[in-house]
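Following: one structure in structure tokens, then a few remarks.
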Amino acid sequence: MNTPRQITTLRAAAVISSTIIGVGILSFPRYMAIAGGSSAPFVAFCGIVISFITFWLLASLCRRFPREPLFVFSRRLLGGPLAFVFTLLIFLIFTLLTGLTLRQFGDVATTVLYKKTPIEATIFLMLLICQLSARRSIIKFSYIHFFYLPLIIGPTVLITLISMRNIDLLNLQPVLTMPSVSFWRGAREASYLFQSSFVIILLVPYMQKPKQAVRAGALGIAVAGLLYLLIVIASVGLFGSEETKLLIYPTLESARSAAVGEGFLERLDALFIVLWVISVYTTVYTTYYLAAVLLQNLCNFQDQRSTSTVLLPLVFITAMLPSNVFETYTWSLTLGNVSLVVLTGYVALLWALFLFRRFRKKGASG
Amino acid sequence: MQKQQSCPPSAPGTDSLSHSLTGNLKSLLNLLGQSGDLVVRDFLLFGKYQASMVFFSSMVSQEQIQEHILKPLMARPSGHPGFTDNLADMVHYIWNTAVQVTQGTTEQLISFLPPAIVKGELVLLIEGVNEALLLDMRQIDMRGVEQPQTEQVIRGPREGYVEKLENNLALLRYRLQSTDFRIEISPLGTRTQSRVALCYLDSVADPQLVAEAMHRISIIDTDSIIDAGYIEQFIEDQPLSPFPQVQSTERPDKTVAALLEGRVAILVDGSPFALVVPALFNQFFQTVDDYTERFIMGSLIRLIRLVALSFSLFFPAIYVSVISFNPELMPTDFAVAISGGRAGVPFPAVIEVLIMEVSMEVLREATIRLPQMIGGALSIVGVLVIGQAAVAAGLASPITVVIVALTTIGSFATPAYNAAIALRMLRFPLIILAGMFGMYGGMIGTILIINHLLFLESFGVPYMSPFIPGKWRDWKDTLVRVPLWWMRRRPSFLHIQDSSRLPASTPGAYADQILQQGGEADEHSKADHNAASGSRDQ
């Protein structure tokens, strides 16, 4: 009764959106404020544009091979050994990314919410549910994202809008500042949040209309991007850029300032954290799934079930490696830089080879 | 009047019947063994030939045998035109002209006789004839059709299934008088030989679904099927899941509605429950009342049921995590009141809630098994123990009692008993997780449950459809129930062959006409009426 091509464009977009909206929500406005001051929203916007360009490069390539996953056609374009090296690199990137994301999550949970709960327990629980759900097929994977996305977006937007009642428009002016080095660095950092849109490579072979991969990604990135923009506007508008720079989790602070119905729910930040747990889960789930599938391809296994189990201790150790919050931050920044180079380079290389082959084929036939 | 020639052409051998009545009887009784209700009745057929009837007195109607078999067979039909003394033709003569029975077969193999006798057939053996006549005289007394105990409705049919398969199939066919309605019956269980009926609508149900259901039933290899529940456990997709993946119902009307949606129903002889597959999550909070009442009421009540359902699952966990980890979520005054109530309680909130929830479950289980007279007394004791006394003794705080009561009542509001149990049991791990990790733990538990629901399938249909995955138009009958005339299509997730319920072109109801014509319908009809009266005047 099941046909393999089941993922609709909307569902693919939901996967990308809920993947992107993740652990970064809480601290994102701070980085943007540091990079651009009052033009923080504009920095974020530039970051979104950058990430869309990289995504477009990837998705439009995948679109040309609607039946094969990236690993298969890259082997054809690059040759076995080189493709293996790149797959290995990307696997390492996503394993590290999963670990560091989990660590960031654990840091927030222990500093803000549960000061007495050991960080290992927090991280391990999250890792466990990711591992359990990573054993399932890609179709079920898309179900999960599609189900949780409204639960993430709805309340987040609602809480942000409530907190925006006290916004001061003066804090957001001037909207545009001269792009400087720090401006572009901030935009680049913003684009790191969107790197896990790489997941489209898993979806394309299962999409009902693989030709719409780019459209799905555009929709997904737009939704997530708008949410991030909204959060930045809310935080910077509420606290001013200088104050936002000092807050570790500005979004949480702005949620804290929101109250509903004069005492019905006094503080929304705990509620916000609960929803944030879902968004972290969907993000980590995606990167974990990606890492498991990449490992499966490296080992030539039938499916990713066994590799997802192998991955569990690996990711857990990665998450435990950084000794404090700042190390986590610098590490993930470095990882972001590396993966920007590797992913974009890989895709650019594939594009070049693809175009070269097509050119030669045309030359041969004509 | 049908005569089934089910037996294969007899192969001469030890298995086939001989011409000697005593020899046949002896080997037949050997096969049947000793039994108190086994009757062998010898008589003179047409006053001439030695003959014997063998049957179980507990399975047949003895008056019917007297009236329609013994009476004509013992009479002397010598004056009858078609009568011959030819022994070879005797069996056919008896079947065609003498006995007045609707179903029967002839049989030449002796090993085929005992199973038939056990089923309630009567075997007639005649001296000098190597053929036996099997006549279906089965009659078993059963309770009458009563109101279903587990699925009460306010408005709707009052009939429920009984144990006998024929009666249940009659209840179905009487509601679904269509040639499309197909029933396939096959015996199951090597010892019990329970007859299992698979019902579906031929032009609606997905042939693959029917084939899959048939396949899953056919591969069951067990010695006994006592109830439909046995079959459910053999055919469900995921036996380890707490959630029911097969719907069981006592109501013929509900079964018919499911068949009309393109589902498949399975009935077993001896069980007053029908199984309906595929069963999806949203079926378990729907009742017949949702459809028989007007749609606004139906939708509102369904929403309330959903609230109750989430109460029964999440409420205690939320309470525990808020009390022990995030008291700042509550308004200050309320938090002060709660901590005042909890002042004398010696346990942490999670232990307190667990104790109360477990004792509530014990109380609930105890009331179910008790006769109704004692049940009332027990509930009074329960109220005192769980409510008043526990608070007075300092075992629990008043707010905990409120939470436990809401949880239990919430779970009673879930119409499907088995789904309610699943949710009620799942709240315990949630409470423990919430007690260990607060909101975060509760969230992790909830994600696990939701993921599990999203991964489940029932006969290849995702359990959470039409929510995930699904089409928007299938949402008309999920959280709310839209007007019947708006549900023009059958749900698409069942891959039905014929999707239209109402013709697409015609308006479904009077209200629909008004909606489409923008309120002009009244004026039209008034104009028509005027014209008509005008013409009458002339």
Side-chain angles (χ1 to χ4, degrees), chain A residues 1-3 6-8 10-11 14 105-106 109-110 113-118 121-122 124-126 128-130 132-137 139-151 256 259 261-278 280-282 285, chain B residues 206-213 237 278 281 314 317-318 321-322 324-335 433-465 467-472 493-495:
Chain A
M1 256 174 256
N2 291 329
T3 50
Q6 281 190 332
I7 300 179
T8 56
L10 194 65
R11 218 184 295 152
F105 162 74
T110 38
L113 215 53
Y114 305 112
K115 297 190 174 64
K116 286 178 193 158
T117 313
T122 319
F124 190 74
L125 264 187
M126 180 60 88
L128 200 65
I129 57 172
C130 290
L132 287 176
S133 37
R135 297 167 60 85
R136 306 297 173 146
S137 72
I139 310 284
K140 304 276 159 143
F141 169 83
S142 74
Y143 288 173
I144 291 211
H145 285 283
F146 196 53
F147 185 85
Y148 286 119
L149 185 66
L151 296 184
R256 207 166 267 180
E262 303 310 318
F264 168 62
L265 280 172
E266 285 216 328
R267 284 169 55 184
L268 292 176
D269 57 330
L271 201 65
F272 192 77
I273 287 280
V274 165
L275 299 164
W276 177 72
V277 168
I278 307 181
V280 172
Y281 163 67
T282 52
Y285 179 35
Chain B
D206 179 18
Q208 270 180 300
L209 172 68
V210 176
E212 175 72 23
D237 291 57
F281 185 71
F314 299 121
I318 293 175
S321 59
V322 167
S324 30
F325 289 90
N326 301 96
E328 78 272 10
L329 265 179
M330 290 178 288
T332 321
D333 297 344
F334 190 46
L433 272 173
M436 285 165 72
F437 299 101
M439 286 270 201
Y440 174 59
M443 208 60 226
I444 295 281
T446 312
I447 288 177
L448 272 179
I449 293 173
I450 292 178
N451 282 1
H452 173 71
L453 284 172
L454 288 169
F455 292 147
L456 261 188
E457 283 186 357
S458 172
F459 280 74
V461 180
Y463 201 55
M464 286 301 266
S465 40
F467 300 110
I468 311 284
K471 292 184 178 160
W472 289 109
F493 48 83
L494 294 170
H495 307 278

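The sequence lines fix the lettering, A, B, ..., with proteins before strands; numbering per chain opens at 1. Just so you know, these numbers come straight off a predicted model, no measurement behind them.
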message = I'd like to know if the side chain of B:Ser465 and the backbone of B:Val461 have a donor-acceptor N/O pair within less than 3.5 Å.
response = no
query = What part of A:Phe146 is in contact with chain B, defined as an atom under 4.5 angstrom from a non-hydrogen atom: side chain, backbone, both or neither?
reply = both
message = Please classify the contact between A:Thr117 and chain B as side chain, backbone, both or neither, with a heavy-atom cut-off of under 4.5 Å.
response = side chain
key: Proximal component of B:Leu454, with respect to chain A [non-hydrogen, under 4.5 Å]   = both
task = Kindly determine whether B:Asn451 and A:Tyr148 satisfy side chain to side chain donor-acceptor pair (under 3.5 Å), including the steps that lead there.
result = CA-CA 10 Å; B:Asn451 282 1; A:Tyr148 286 119; 3.0 Å; yes
Part of A:Thr8 lying under 4.5 Å from any heavy atom of chain B = neither
B:Tyr440 portion near chain A, given a 4.5 angstrom heavy-atom threshold = both
Shortest non-hydrogen contact between A:Ile278 and B:Ile447, atoms and distance = CA-CD1, 4.4 Å
message = Contact between B:Ile444 and A:Tyr281 at the side-chain level, heavy atoms closer than 4.5 Å - yes or no?
response = no
query = For the rings on A:Phe141 and A:Tyr285, is their centre-to-centre separation under 6.0 Å?
reply = yes
task = Answer with side chain, backbone, both or neither: which region of B:Leu456 has an atom nearer than 4.5 Å to a non-hydrogen atom of chain A?
result = backbone
message = Test side-chain contact (heavy atoms from CB on, under 4.5 Å) on A:Thr122 and B:Phe437; report intermediate values, then the result.
response = CA-CA 8 Å; A:Thr122 319; B:Phe437 299 101; 5.6 Å; no
request  = Please state whether the side chain, the backbone, both or neither of B:Met439 comes within less than 4.5 Å of a heavy atom of chain A.
outcome  = both
task = Between chain A and each of B:His452, B:Met464, B:Met443, B:Met436, count heavy-atom pairs under 4.5 Å; write down the option with the most.
result = B:Met443
request  = List the steps and the verdict of side-chain contact (heavy atoms from CB on, under 4.5 Å) for A:Tyr143 and A:Arg11.
outcome  = CA-CA 8 Å; A:Tyr143 288 173; A:Arg11 218 184 295 152; 3.4 Å; yes
message = So for B:Asn326, is it side chain, backbone, both, or neither that comes closer than 4.5 Å to the heavy atoms of chain A?
response = side chain
